[in-house]
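Read the structure below first, then the notes.
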Amino acid sequence: MPSGESVLASVQSILLSQERQQIQELEQQLNLMRCQTQVTIEQLQGRTGELEAELDATRLALRKAEAQARDLETAVDLLQRKAQADSEGLIERITPVFSSLVSRQIRDSRDEMAEALGPVMSEAIRVQIRDSRQEMVEALSPIIGETVQRAVGEFFREMQQNVDAQLRVTFGPNGLMRGLKARLRGVSAAELALRDSLSFELREIFIIQQGSGLLMARYHLAGQETADSDLVSGMLTAVRDFVHDSFSQPDVEAADLNEVQYGDKRIFVQGGRAAFVAVVLTGIEPAGFRAALRQLVDELNVSYERPLRAYNGDPATLPVLTPLVEEFVANVLAEPAKPHGMSRRQGWFLIGSMAGLLLFTAVACFYLQFTIALYPIAFPSATPTITPSVTPSLTPTPTPTPTPTHTPTPTLTVTPTFTPTPTLTPTPTPTLTPSLTPTPTYTPSPTYTPSATLTQTYTPTPPAAAPFANVWVRREPSLDSEPFVAVEFDTPFILISVLGPWAEVEWLSDLPWLPGVQRGWVPFAWIQLRTDVLPMTATPTPTPET
Amino acid sequence: MKRSVQKKVCLLGDFAVGKTSLVRQFVEGQFDDRYLSTIGVKVSRKTVELDQVQLNMMIWDLVGGNEYLHTERSYLMGTAGALIVCDLTRENTLDAYARYTQQVRAVNADAVIFYLANKLDLTAERQITTGQLAQLCASLGGDFLLTSAKTGAGVNEAFTQLARQIEGE
Ligand SMILES: Nc1nc2c(ncn2[C@@H]2O[C@H](COP(=O)(O)OP(=O)(O)OP(=O)(O)O)[C@@H](O)[C@H]2O)c(=O)[nH]1
Ligand SMILES: [Mg+2]
C-alpha cells in the first residue's frame with residue numbers, strides 16, 4: 001500500500017507536471033541567457049580594453065598635438081615679433097604670393113570672388129570713408145580724377161571736332177554770314193560756333209494725359225527711340241506730381257517741373273490742363289524753343305481739351321494730333337534768327353562799321369588824288385633835274401596826309417626816293433607803298449634832314465602857324481632853356497607838337513649862321529594858327545640834328 | 001487683332017505689406033526677401049490678354065504710409081482700378097483698407113477696387129482670419145483675395161481679375 005507521501009507525490013506529479021516542465025524550460029532559458037550574458041560581458045570587457053588602448057593612444061596623440069601647438073605658438077609668436085620688426089619686408093615678401101594667388105582666384109572663379117568680396121569690400125569702404133575720409137579722398141582722387149579727366153577729355157574732343165567742322169566753313173560765305181549773325185546777336189563768332197557745335201537735335205515728343213500719366217501720342221524724330229516710353233511718361237507724371245506736391249506753397253502759383261536731364265539728353269516738360277508735352281532733345285535748344293512748346297501745349301489743350309481729358313486709354317478715341325506736332329517741329333527747326341531789338345553793343349558795331357566804311361572811302365579818294373599828284377614824279381620828263389614841281393610832294397604839312405616824307409614807318413627813308421640824282425628811276429619804287437597808310441600823327445623822321453639840293457625849294461605851303469611878333473626860340477619847352485635864335489614876325493611855322501603852354505615848331509631859316517630847317521620851342525601864346533588841324537600828339541620829339 | 005487699351009492701376013497699402021513684391025512677382029515672376037522701401041512711386045507695365053482686348057496695365061506702386069507722400073490724391077488721378085493690400089501677419093495693416101478706399105473713391109468713384117491680403121505663406125505668424133477679411137470687405141463692397149508674393153499664390157489672379165473688372169468682362 002503506497003504511503004500517503006508517495007500518493008501525494010504522484011498526485012503532485014500529475015497535477016504539477018506541466019508547471020514543472022515549464023520551470024525546467026525556464027531554467028534552461030535562464031542558463032542560456034546567463035551564458036549569453038557571460039559572452040557579452042566578455043566581449044564588452046574585450047572592447048573596453050580596446051577602447052582603453054585607443055584612449056591611451058589618443059591621449060598620447062593629444063599630448064603630442066599639444067606640444068606641436070605650443071611649438072606653433074612659439075613660432076607664430078616669433079613670426080609676429082619678426083613681422084613687427086620687419087613688417088615692410090614681410091609685406092614685400094608676402095605680396096607677390098598673395099597677388100598671384102588672388103589673380104589666379106579672380107581668373108578661375110571671378111563670380112565667386114566678387115560674391116565673396118563684395119559685402120566685405122563695401123563694408124570696408126564704408127568704414128574707411130567714415131573713419132579716414134581724407135585718406136580715402138587722397139587715395140581715390142587720382143583714379144576718379146583720371147576717370148573724370150577721360151570723360152571730360154572725350155567730351156571736349158567731340159566738341160572740338162564739332163567746332164573744327166564749324167570753323168572749316170568759317171571762310172566761306174556761310175562763315176561770313178555767321179560772323180554777321182553773331183554780331184547782330186551780340187555774341188562772338190566763336191561763341192556762336194561753339195553753340196552750333198553743341199548740335200541741337202529734337203529726338204522725341206510725348207503727349208501725356210494730365211493726371212493719369214497715360215501716353216497718348218509719341219513722335220520719334222531722331223536718335224534712338226526711348227524704350228518703354230509709356231513707363232517714362234508714367235514716371236514723368238509721377239515726378240511732376242511730386243514736384244507739384246512738394247514744392248507748392250499755399251497761395252502761390254503751383255510749382256511745375258520744367259526740365260529733366262539724364263545723360264546728354266534733356267526732357268523739356270510743358271504742362272497743360274488736359275495734357276502735357278515732354279520733348280526729348282540733345283544739345284542747346286534754339287531761342288524761342290520754350291515759347292514754341294508752350295504754344296503747342298496751348299493749342300492742344302484749347303483745340304482738344306474734351307477728348308484729351310476723356311481719354312480712357314483707348315487710342316481709337318484720340319483726335320489726330322500730328323499736324324499740330326508737325327507745325328511745332330517745323331517752327332523749332334526753322335530756328336528763328338530774327339534778332340530781338342538791338343543791344344547797345346550791336347548799335348556800336350553798326351556805328352563802327354559805318355565809320356569804317358567812310359574812312360575806307362576817304363582813304364580810297366585820297367589814294368586816287370595822291371596817285372595823280374605823284375604821277376609827274378614817278379614819270380618825270382627826260383631830264384631828271386629838280387624842278388619846283390617836285391616840292392609839293394615833299395612838303396611836311398602837319399595834316400594827316402600820308403606824304404612820303406611824313407610816313408611814320410621807320411623803314412621809310414625820304415632821301416633815296418626823292419634825291420634828285422640821275423639814279424632816280426621813273427617808276428614808283430616799293431618804298432612808296434607804305435605811304436598810303438593814313439595816320440593823323442605827324443612825327444617827322446630823323447632822316448628828314450634836307451639835302452643841300454633841297455634847301456632852296458623848302459617852302460612849307462600852306463604855313464600852319466606864324467608868330468604874332470618876333471619871338472625867341474628855345475631848345476627845350478622851358479624858360480630855363482636859353483633861346484638860340486629869334487624868329488621874325490610872320491615866319492611860316494610848322495607846328496610839330498604842343499606841350500602845355502609851349503609849341504614845338506619847325507621853320508626854314510635863312511640866317512647865314514643857321515641855315516636850313518630848324519626846330520625849337522616857342523610860347524604857344526605867341527603863335528597864330530593858320531590851319532584848324534592840331535597835332536594829335538603832345539609828346540616832345542627829339543630835335544633833328546642840324 | 002485685339003485692340004490695345006492702356007489703363008492705370010494703383011497699389012495701395014501700409015508700408016512693407018508687400019506691394020512692390022506683388023508687382024515684381026506679377027511683372028517679372030520674381031521675389032526678393034530684402035525690403036527696400038519704395039521711394040515715392042514706381043511705375044511698371046504689364047500687358048494682360050483679355051478676351052476682347054489687350055490691356056496695358058500701367059501699375060503705379062506707391063510708397064506705403066501717408067507720411068511720405070504729401071497727398072496721394074494726385075497720384076491716384078486717372079486710375080481705373082486699385083489693389084489695396086494688407087499684411088496677414090500684421091493686424092493693424094487692415095485699417096488701410098477703409099482709408100485707401102475713401103481716397104480712391106474721392107478721385108474716381110467708378111474705380112474698380114480689389115482687396116488683397118498678402119504673405120499667405122507665413123502661416124505661423126498669421127494674425128488676420130479669413131472671416132475678418134470677409135466681413136470687412138463686404139462692408140467696403142469689394143472682393144478680396146489671399147496672396148503670397150513669395151510663392152506667387154493668387155498674384156496673377158489678383159491682377160487679371162482687376163483687369164477683367166476694369167474692362168467689364
Ligand atoms: N514671406 C513673405 N514675405 C513677403 C511677401 N511679400 C513681401 N514680403 C517681404 O516683405 C517686405 C516688404 O515688401 P515690399 O514689397 O517691399 O513692401 P512694400 O509694401 O512695397 O513697402 P513700401 O514700399 O515701403 O510701402 C520685403 O522684405 C519682402 O520680401 C510674401 O508674400 N511673403
Ligand atoms: Mg514698395
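Predicted model, so just to flag it, every value in this text is computed and none were measured. Note on naming: letters A, B, ... go to the chains in the order of the sequence lines (proteins, then strands), and numbering restarts at 1 for each one. Heavy-atom basis, side chains included; hydrogens, waters and symmetry copies ignored.
The shortest non-hydrogen separation linking A/P315 to B/S4 is CD-O, 3.3 Å. Considering every non-hydrogen atom in both B/V5 and A/N312, the closest pair reads CG1-O, 4.2 Å.
By the neighbour-count criterion of 12 heavy atoms within 6.0 Å, atom CD of B/Q135 is sparsely surrounded, having that number or fewer from other residues, nucleotides or ligands. The environment of B/Q102 atom CD is sparse: at most 12 non-hydrogen atoms of other residues, nucleotides or ligands sit within 6.0 angstrom. Annotation for B/Q54: atom CD counts as buried by contact number, over 12 foreign heavy atoms lying within 6.0 Å.
Rounded to the nearest 0.5 Å, atoms CG (B/N56) and CG (A/L214) are 10.0 Å apart.
When the candidates B/R3, B/K7, B/K42 are compared by the number of heavy-atom contacts under 4.5 Å with chain A, B/K7 comes out ahead.
Within residues 227-239 of chain A, the residues having any heavy atom under 4.5 Å from a heavy atom of chain B are, by residue number, A/D228, A/D230, A/L231, A/G234, A/M235, A/T237, A/A238.
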